[in-house]
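The structure under discussion appears below in the form of C-alpha cells.
Nothing fancy with the numbering, it's 1 onward along the sequence.
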Amino acid sequence: MVPKFAFAAATAVLLAFTPVNAVWPLPTSFTTGSTALRLAPWFDIHIDVHGAPGDLVNAVKRTKQQLWNDKLERLVVGRGGVDADAVFKAGQLNGLTISLENGAKVRSISEEAVAPLESRDESYTLTIPGSGSGALLKANSTLGLFRGLTTFSQLFYYYKNNVYTIEAPIEITDKPAYPYRGLMLDTARNYFPVKDLERTLDAMSWVKINNFHWHVVDSQSFPLEIPGFEDLAEKGAYSADSVYTTDDVSHIVSYAAARGIDVIVEIDTPGHTAIISNAHPEYVACAQSTPWASFANEPPAGQLRFTEPAVTNFTSDLFTAVSKLFPSKFVSTGGDELNVNCYDQDPVTQATLNATGQTLEQALDTFTQATHGALKEAGKTPIVWEEMVLDHNVTLSNDTIVLVWISSQNVVDVAKKGYKVVHAASDYFYLDCGGGGWVGSNPAGNSWCDPFKTWQRSYTFDPTANLTAEESKLILGGQHLLWTEQSGPENLDPIVWPRAASSAELFWTGPALTNVTTALPRLHDVAFRFRQRGVQAISLQPLWCALRPGACDLTA
C-alpha cells in the first residue's frame with residue numbers, strides 16, 4: 001500500500017502531491033494504493049445493522065444513485081480516457097458492507113444529527129481492498145456511517161459506463177476536528193423557496209457541514225409561521241407565497257436531519273425587529289423613522305421596546321413557541337446592532353426608564369434574562385452575536401454560545417470571558433462581501449466588508465490564533481454566512497459554492513492538515529461534482545488550469 005497521504009510527512013511532499021481521488025473534506029488518515037478497481041454491474045451496499053433506520057436506508061439509496069449518476073470524469077488532461085487501459089483491465093468491486101461497531105446503539109441519522117453538539121459521533125473507518133473482495137464501512141453511529149457513505153461516493157469516477165478508482169486499496173480513518181461546521185442563510189432580506197433550501201442542505205451534506213443556521217426573519221420581512229403568532233407572518237411576509245408554513249418547517253427540519261444537519265433557527269432580538277410593528281406597533285420603538293440611517297444599520301428602522309414588560313412577555317412566549325417548531329438544542333436570539341439613538345428618541349422607552357430608575361443596559365439585562373429563561377425552560381441553549389458579550393452588560397448563562405462576526409480579532413476577548421465560540425467573522429467568512437453597495441443614491445458605495453472573501457482567505461484561517469491552550473478548548477468550529485441584500489434564488493448556488501466548502505474542510509480536518517496548493521485540485525473536483533448533481537457551483541479557474549494542477553500558479 002502506498003501512503004499517498006502521509007500527514008506526518010514534510011510539507012514539500014504534500015505540495016508535490018496531485019490527487020487522483022478528491023475527497024472533501026480531507027480525512028484524518030487516508031492511504032491509497034495504485035490498483036484500478038471498478039464497481040461491478042451488480043455492485044450493492046449491504047446494511048449490516050439490525051433494525052436499520054429508514055433514513056440510513058434512504059442514504060444508502062442516494063449514495064448508489066450518486067455513484068452511478070455522477071458520471072464525473074477525472075480532472076486531468078484527456079479526462080477519463082487516460083485511464084482507459086487500467087479501467088478495462090480492472091477487477092470488480094462487488095459491494096460495500098456498512099455496520100456499527102460492537103455495542104453501538106442504533107439510532108437514526110436524524111436523531112444523531114440533533115443530539116447535543118459535542119456528543120455527536122461522526123467518526124468512521126472505510127476499507128476498500130485492492131482485490132475487490134468487498135469494501136467495509138464501520139462507525140459508532142449511523143451519523144458516522146452517513147459521513148462514510150459521503151466519502152465513499154467521492155472516491156469514484158466515470159469513463160464509458162465504468163465507475164472506477166485507480167487508487168485501490170484505500171484505507172480511511174476519519175473524524176472531525178471541530179463539532180460545529182455551519183452555513184448561515186438569511187431568508188428575510190429576500191425569500192428562498194423550500195426547493196432552494198433543500199438543494200443547499202444537500203450540498204452542505206456532501207462536504208459534511210452539520211449545522212444550518214437559519215436567519216429566517218429580520219426587519220425587512222417575517223416569513224415564518226409560528227403557532228399562536230400567525231399575525232407576524234400574515235402581516236410581515238412579502239406575500240402570502242413567501243411564507244415558511246409550519247409544514248414547511250417540519251419538512252426542512254426533517255430533510256436536514258436525515259442528511260446529518262441540525263437546523264438552528266435565529267429570531268434576532270431586540271434589534272432587527274422593525275417588521276413586528278406591522279402586527280404590533282406598540283411593541284416597536286422608532287418604527288419606520290427617517291432618516292433610517294440615524295435609527296438602524298439597515299432600513300427600515302425599528303427595534304423592540306425591551307423596557308416594556310409586555311414586550312418581554314411577548315418575546316418570551318414567542319421563543320417558547322419557536323422552540324416547539326425546531327428540535328435543535330440551540331436557538332439564536334441575536335442581540336446585534338442595537339441602535340441606542342432609537343431608544344433615546346423613543347418617548348415610551350424614556351418614560352419607562354425614568355419611572356423605574358433603570359438604565360437602558362439594566363433594562364436590556366432584565367429582558368435578556370427573561371427571554372433566555374424561556375429558552376432554558378424549553379430545553380434550549382441560547383446563541384448570541386458577540387455584542388451581547390463585548391458591548392452590553394447583560395447576564396448570560398455559562399453555556400451560551402457566541403458568534404463572533406464583526407472581526408476575528410474579537411475572538412480573544414470573548415474567549416477570555418469564558419464563552420464557547422463559533423467563528424463567523426466578516427473578515428474571513430462573509431460570502432456577500434465585495435458585491436458592491438446596495439443602498440440607493442450612493443453610486444460610489446461598496447459593501448462595508450470589502451473585499452470579496454475568497455476560498456483561500458477562509459481556508460487559511462487559524463481558529464486558535466492568539467488563544468491560550470485553555471481558551472482554544474472553547475472553539476466549537478465555524479461557518480460561512482450569506483446575508484442576502486443582493487442574493488436570491490437566482491444566485492444562491494454560485495455565491496455559496498464552492499467557497500463554503502473551504503470552511504467545511506478547515507473545521508473538519510483542522511488547520512494543521514490543510515494546504516492551499518493541494519486543496520485547489522480537490523476543490524475543483526468539488527465544484528465539478530456539485531454541478532453534476534445539480535448545484536451550480538462557480539468555476540475557480542479556467543478549465544485548462546483545472547486539468548493541470550499547479551500550472552497556473554504564479555511560480556509555475
Side-chain angles (χ1 to χ4, degrees), residues 54-55 58 108 110-111 113-114 182-205 211-269 272-280 283-284 304 314-334 374-375 378-380 383 482-484 487-490 492-493 496:
D55 54 11
N58 289 333
S108 67
S110 299
E111 290 176 278
V114 300
L183 175 68
M184 191 225 74
L185 179 63
D186 159 24
T187 61
R189 270 67 180 215
N190 285 304
Y191 177 82
F192 294 80
V194 170
K195 66 178 182 180
D196 293 308
L197 301 188
E198 290 176 344
R199 191 177 64 259
T200 300
L201 291 165
D202 283 333
M204 290 166 63
S205 74
N211 291 284
F212 176 47
H213 174 187
W214 192 3
H215 187 91
V216 63
V217 300
D218 209 290
S219 282
Q220 291 81 7
S221 76
F222 200 108
L224 180 64
E225 181 182 83
I226 302 171
F229 297 83
E230 290 86 354
D231 56 344
L232 296 179
E234 288 172 1
K235 298 181 179 182
Y238 285 128
S239 71
D241 294 330
S242 300
V243 172
Y244 301 106
T245 67
T246 54
D247 286 343
D248 290 335
V249 170
S250 178
H251 171 72
I252 291 165
V253 166
S254 61
Y255 192 93
R259 287 154 181 79
I261 299 168
D262 190 14
V263 178
I264 301 172
V265 68
E266 179 174 350
I267 308 294
D268 202 351
T269 59
H272 292 271
T273 46
I275 196 66
I276 291 176
S277 68
N278 288 14
H280 299 280
Y283 291 166
V284 178
L304 286 177
F314 166 82
T315 308
S316 297
D317 291 343
L318 179 66
F319 283 170
T320 299
V322 166
S323 295
K324 295 175 182 177
L325 285 177
F326 294 88
S328 175
K329 302 296 186 295
F330 306 100
V331 171
S332 175
T333 64
L375 290 179
K380 307 297 186 181
I383 298 177
L482 179 58
W483 303 102
T484 61
S487 296
E490 65 281 353
L492 175 60
D493 291 2
V496 174

For Leu197 and Trp214, run side-chain contact (heavy atoms from CB on, under 4.5 Å): C-alpha distance rounded to whole Å, both residues' side-chain angles, the deciding distance at 0.1 Å, then the answer. CA-CA 10 Å; Leu197 301 188; Trp214 192 3; 3.9 Å; yes
Evaluation steps, side-chain contact (heavy atoms from CB on, under 4.5 Å), between Asn278 and Leu232: CA-CA 8 Å; Asn278 288 14; Leu232 296 179; over 6 Å; no
Please lay out, stage by stage, how Thr484 and Asn190 fare under the test side chain to side chain donor-acceptor pair (under 3.5 Å). CA-CA 6 Å; Thr484 61; Asn190 285 304; 4.8 Å; no
Step by step, would you call Asp247 with Ser250 a side chain to side chain donor-acceptor pair (under 3.5 Å)? CA-CA 5 Å; Asp247 286 343; Ser250 178; over 6 Å; no
Decide yes or no on side-chain contact (heavy atoms from CB on, under 4.5 Å) for Asp231 and His280, but give the supporting numbers first. CA-CA 9 Å; Asp231 56 344; His280 299 280; 3.0 Å; yes
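At distances below 3.5 Å, at least one donor-acceptor pair connects side-chain atoms of Asp248 with backbone N or O atoms of Thr245. The backbone N or O of Gly236 lies less than 3.5 Å from no partner atom in the side chain of Ser221, so there is not a single donor-acceptor pair. With hydrogens and angles disregarded, no donor-acceptor distance shorter than 3.5 Å links the side chain of Ser316 to the backbone of Ala374.
Among all heavy-atom pairs drawn from Ala188 and Gln220, the shortest one is O-CB, 4.0 Å. In this structure, Tyr238 and Arg189 approach most closely via the heavy-atom pair OH-O, 2.9 Å. Across all non-hydrogen atoms, the minimal contact from Val114 to Lys329 is O-NZ, 3.1 Å. The two atoms that bring Asp196 and Pro489 nearest to each other are OD2-CB, 3.4 Å, heavy atoms only. Between Ile261 and Ala113, the closest heavy-atom pair is N-CB, 3.8 Å. Closest heavy-atom contact between Thr187 and Pro223: O-CG, 3.8 Å.
Contact of the Thr333 side chain with the Thr315 side chain is not registered, since no non-hydrogen atoms from C-beta on lie closer than 4.5 Å. In this structure, Thr246 and Val249 have side chains that are not in contact, with every pair of non-hydrogen atoms separated by 4.5 Å or more. Looking only at side-chain heavy atoms (C-beta outward), Leu325 and Pro227 come within less than 4.5 Å of each other. Contact of the Val496 side chain with the Leu183 side chain is registered, since non-hydrogen atoms from C-beta on lie closer than 4.5 Å.
The line from CZ of Phe319 to CZ of Phe314 is 10.0 Å long, rounded to the nearest 0.5 Å. Atom CZ of residue Phe212 and atom CG of residue Asp262 lie 11.5 Å apart, to the nearest 0.5 angstrom. Interatomic distance, CG of Leu224 versus CD of Glu230, reported as 10.5 Å (0.5 Å rounding). Rounded to the nearest 0.5 Å, atoms CD1 (Ile275) and CG (Asp218) are 9.5 Å apart. In this structure, the separation between CD1 on Ile267 and CG on Leu318 is 6.0 Å, given to the nearest 0.5 Å. Annotation: the span from Ser487 atom OG to Phe192 atom CZ amounts to 6.0 Å, rounded to 0.5 Å.
Taking the charged nitrogens against the carboxylate oxygens, Asp202 and Arg199 have no contact shorter than 4.0 Å, which rules out a salt bridge.
In this pair, His251 and Tyr255 present their aromatic rings tilted. The plane angle is within the 30 to 60° band.
Between Tyr244 and the choices Phe326, Phe222, Tyr191, the ring-ring contact (aromatic ring centres under 6.0 Å, His included) rule is met once, by Tyr191.
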